[in-house]
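Down below is the structure, laid out as structure tokens.
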Amino acid sequence: MNQVSMQPPPPPPQPPNADPRILHARAITAANIDRSLRNNLITLYSKSNLLSYSLRLFHQISSPNVVSWTAVISAHCNTLFALQHFVSMLRHPTFPNQRTFASLFKTCASLPSLSFGLALHSLSLKLGVSAQPFSGSALIHFYSKCRLPIEARKMLDEIPHKDEVCYAAVIVGLAQNSRPVEALSTFADMKCSDIGSTMYSVSGALRAARELAVLEQCRIIHSHAIVTGLDGNVIVGTALIDSYGKAGLVSDARQVFDENLSSMNIVGWNVMLAGYAQQGDTKSMLEVFNAMEARGLVPDEYSFLAILTSFCNAGLVSETDWWLTRMKVDYGLEPAIEHYTCLVGAMGRAGQLEEAERAALTMPLIPDAAVWRSLLSSSAYHKAPDFARSMAKRLLEIDPHDDSAYVIAANVLSNAGRWDEVAEVRKMMKDRRVQKEGGKSWIEVRGKVHVFFAQDRRHERMNEIYAKLVELMEEIGKLGYVPVWDEILLEVGEWEKKEALWYHSEKLAVAFAVVSGAAPPGKSIRIVKNLRICRDCHEAFKYICRVLEREIIVRDVNRYHRFVNGSCTCGDIW
């Protein structure tokens with residue numbers, strides 16, 4: 001007769017999202033709980049946000065090993081408790097491994113704690129684990145979050161066996177820290193090394209391409225995403241929409257958006273709204289907004305920021321005010337300072353300068369530098385020197401080193417012939433050691449980015465560029481172009497003024513586009529400017545597009561300018 005076993009049957013397998021307390025209870029009942037199981041339960045408790053249980057269970061382990069310590073440190077990741085547990089671990093003593101360091105670097109990045117992270121890096125070097133995959137990629141993330149992208153890139157070079165996670169961390173870190181050229185270069189290195197792409201590396205590369213507004217790179221990365229099957233990923237899809245929108249091809253952005261419509265979340269819809277808003281296409285923007293609501297998505301503060309930005313750029317005060325009110329009343333959303341800045345900006349663009357100042361002073365939030373900078377720009381457009389001085393003063397009270405305050409105020413005052421006050425502004429700028437940010441423009445030709453500065457003579461084809469620019473300026477003069485002398489801040493002769501205006505960076509970029517054949521006939525010439533396009537270049541491009549019989553698109557720091565048939569889509573408001 002077979003003897004019946006008195007051993008309890010093992011617990012049936014549980015679904016991944018089962019309550020860990022059930023598993024814990026069954027393990028206790030089965031009297032089958034060892035250190036390994038406790039380590040796993042600590043992790044399960046932390047994933048279920050039951051930290052008190054994970055800590056209590058950790059203290060029940062008589063001899064915690066490195067896995068136990070790593071589990072409890074990971075459970076308290078992103079808090080100071082993780083660092084405290086690490087110090088206890090060293091006193092135990094137990095040496096950390098690469099997974100322990102990965103959690104700790106993540107914690108130091110999120111707190112943030114640069115000094116502790118640097119000490120950890122030093123220890124990981126001594127233990128010989130800093131260049132291992134888990135700790136290495138976490139260290140790259142840490143340096144990126146601490147705004148040390150060069151250190152992050154150096155860390156990648158130190159890792160002998162680089163994988164897609166390491167490369168993705170560097171690409172994203174460089175893109176987030178305004179190092180777009182290095183980010184794209186690292187992405188190219190990754191592909192040359194035959195390392196697989198992830199949604200993070202592709203979206204990071206697209207972010208870099210977006211910052212540079214380089215269309216060809218955008219399309220290359222898009223093709224790569226299709227080949228690797230990542231184009232259907234919602235994060236990559238949203239990055240593609242954003243990149244095409246920032247490169248000025250809203251039609252391409254819309255195509256990607258429509259292809260991924262079923263998986264688009266509110267972030268993707270907002271990016272599409274922002275693409276139309278930057279172009280000033282209020283009709284298409286409202287069409288997308290209505291479609292979003294029809295699909296049951298609830299607009300958030302970013303949705304309304306796109307709408308308000310669009311109406312602000314168009315100088316439509318009543319529409320901006322109506323949508324701001326609707327945001328509060330109909331949707332119960334509290335406007336942030338950026339939303340009120342749109343209303344103030346719209347009023348300023350419409351010439352309602354005093355009303356705009358009152359709106360800024362009476363809004364429920366304290367005006368920031370962006371509010372006063374917006375009104376300062378409006379005063380320049382409407383040639384109001386007294387108002388410009390007042391707005392510059394308000395702006396400098398917040399940020400005494402804002403170079404735009406000095407430059408715009410000096411521009412307005414020089415336009416009014418108030419040279420003594422211009423000299424006063426320039427002296428104040430010199431005394432405070434404020435350096436004007438240098439204007440630069442760039443254009444992409446056959447995958448390579450060419451950068452130009454004002455009166456730049458460093459390009460290998462500069463003689464051709466200058467000759468072509470002189471030819472273009474003479475041609476537009478015959479069509480009626482009159483230089484905007486107000487852009488010159490000094491009292492100098494006409495020839496000096498002419499030299500200063502003719503060879504601005506954006507004009508040099510256009511001339512290079514022509515001599516290099518940057519765009520075939522019928523295609524647009526695309527230029528990016530790091531600052532606001534000056535009024536003289538804006539005026540000149542209206543005529544140059546007629547001479548060249550092609551569209552010129554300029555993305556400056558504020559918005560897109562599309563020059564076609566002698567006019568600009570911005571309506572001369574920017």
Salt-bridge test for [X] and [Y]: reply yes if a basic N is under 4.0 Å from a carboxylate O, no otherwise.
X    : Y    : answer
K542 : E539 : yes
K427 : E424 : no
K468 : E471 : yes
E551 : R562 : yes
E182 : R153 : no

Say you draw a straight line from [atom1] of [X] to [atom2] of [Y]; how long is it, rounded to the nearest 0.5 Å?
X    : Y    : atom1 : atom2 : answer
S404 : R373 : OG    : CZ    : 4.5 Å
N411 : R535 : CG    : CZ    : 7.0 Å
H339 : L365 : NE2   : CG    : 11.0 Å
F452 : M462 : CZ    : CE    : 5.5 Å
E475 : Y543 : CD    : OH    : 14.0 Å
C166 : M155 : SG    : CE    : 8.5 Å

Side-chain heavy atoms of [X] within contact of [Y], under 4.5 Å:
X    : Y    : result
L184 : I221 : yes
S390 : E357 : yes
L361 : R394 : yes
C534 : H504 : yes
R389 : V412 : no
E444 : V528 : no
M272 : V250 : yes
H538 : C570 : yes

Please assess V422 against R418 for the test side-chain contact (heavy atoms from CB on, under 4.5 Å), listing each intermediate value before the final yes or no.
-> CA-CA 6 Å; V422 172; R418 292 158 64 164; 5.6 Å; no

Derivation of the side-chain contact (heavy atoms from CB on, under 4.5 Å) call for M363 and I337 = CA-CA 9 Å; M363 66 185 183; I337 189 71; 3.1 Å; yes

For [Y], does its backbone N or O pair with a side-chain atom of [X] as donor and acceptor, under 3.5 Å?
X    : Y    : answer
H382 : G351 : yes
S197 : V202 : no
S374 : A370 : no
H401 : R433 : no
W442 : L212 : yes

Considering all heavy atoms, the nearest [X]-[Y] contact:
X    : Y    : value
S441 : S505 : OG-OG, 2.8 Å
A175 : R207 : O-NE, 3.8 Å
L472 : A511 : CD1-CA, 4.4 Å
V371 : T341 : CG2-OG1, 3.3 Å
F142 : G117 : CZ-CA, 3.5 Å
T320 : A346 : OG1-CB, 3.7 Å

What do the steps show when you test K154 against E151 for salt bridge (Lys or Arg N to Asp or Glu O under 4.0 Å), and what is the final call?
-> CA-CA 5 Å; K154 286 179 183 176; E151 297 303 318; 3.6 Å; yes

Audit row: Y244, H222, ring-ring contact (aromatic ring centres under 6.0 Å, His included) steps and yes/no = CA-CA 10 Å; Y244 278 129; H222 189 181; 5.6 Å; yes

Within the supplied structure, the quantity of interest is the number of heavy atoms (other residues, nucleotides, ligands) at a distance under 6.0 Å from [X] [atom1]; does it exceed 12?
X    : atom1 : result
F453 : CZ    : yes
R432 : CZ    : yes
D403 : CG    : yes
D431 : CG    : yes
K145 : NZ    : no
D157 : CG    : yes

Do Y143 and H121 have ring centroids that are under 6.0 Å from one another?
->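 Yes; Y143 has its ring centre under 6.0 Å from that of H121.
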
R461 NZ/CZ over F512 ring centroid, <6.0 Å and within 45° of normal |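 No, cation not above the ring by the 6.0 Å, 45° rule.
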
Just checking, is any N or O donor in the side chain of Y481 or D536 under 3.5 Å from an acceptor N or O on the other one?
->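 D536 and Y481 do have a side-chain donor-acceptor pair below 3.5 Å.
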
Side chains of Q278 and R555: is there a donor and an acceptor less than 3.5 Å apart?
->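 Note: Q278 and R555 side chains miss the donor-acceptor criterion.
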
Passes side-chain contact (heavy atoms from CB on, under 4.5 Å), T198 versus V165? Steps please.
-> CA-CA 8 Å; T198 68; V165 178; 5.8 Å; no

Using the side-chain contact (heavy atoms from CB on, under 4.5 Å) rule, take E506 and I533 through it: C-alpha gap first, then chi angles, then the decisive distance, then the call.
-> CA-CA 8 Å; E506 48 266 65; I533 184 174; 3.5 Å; yes

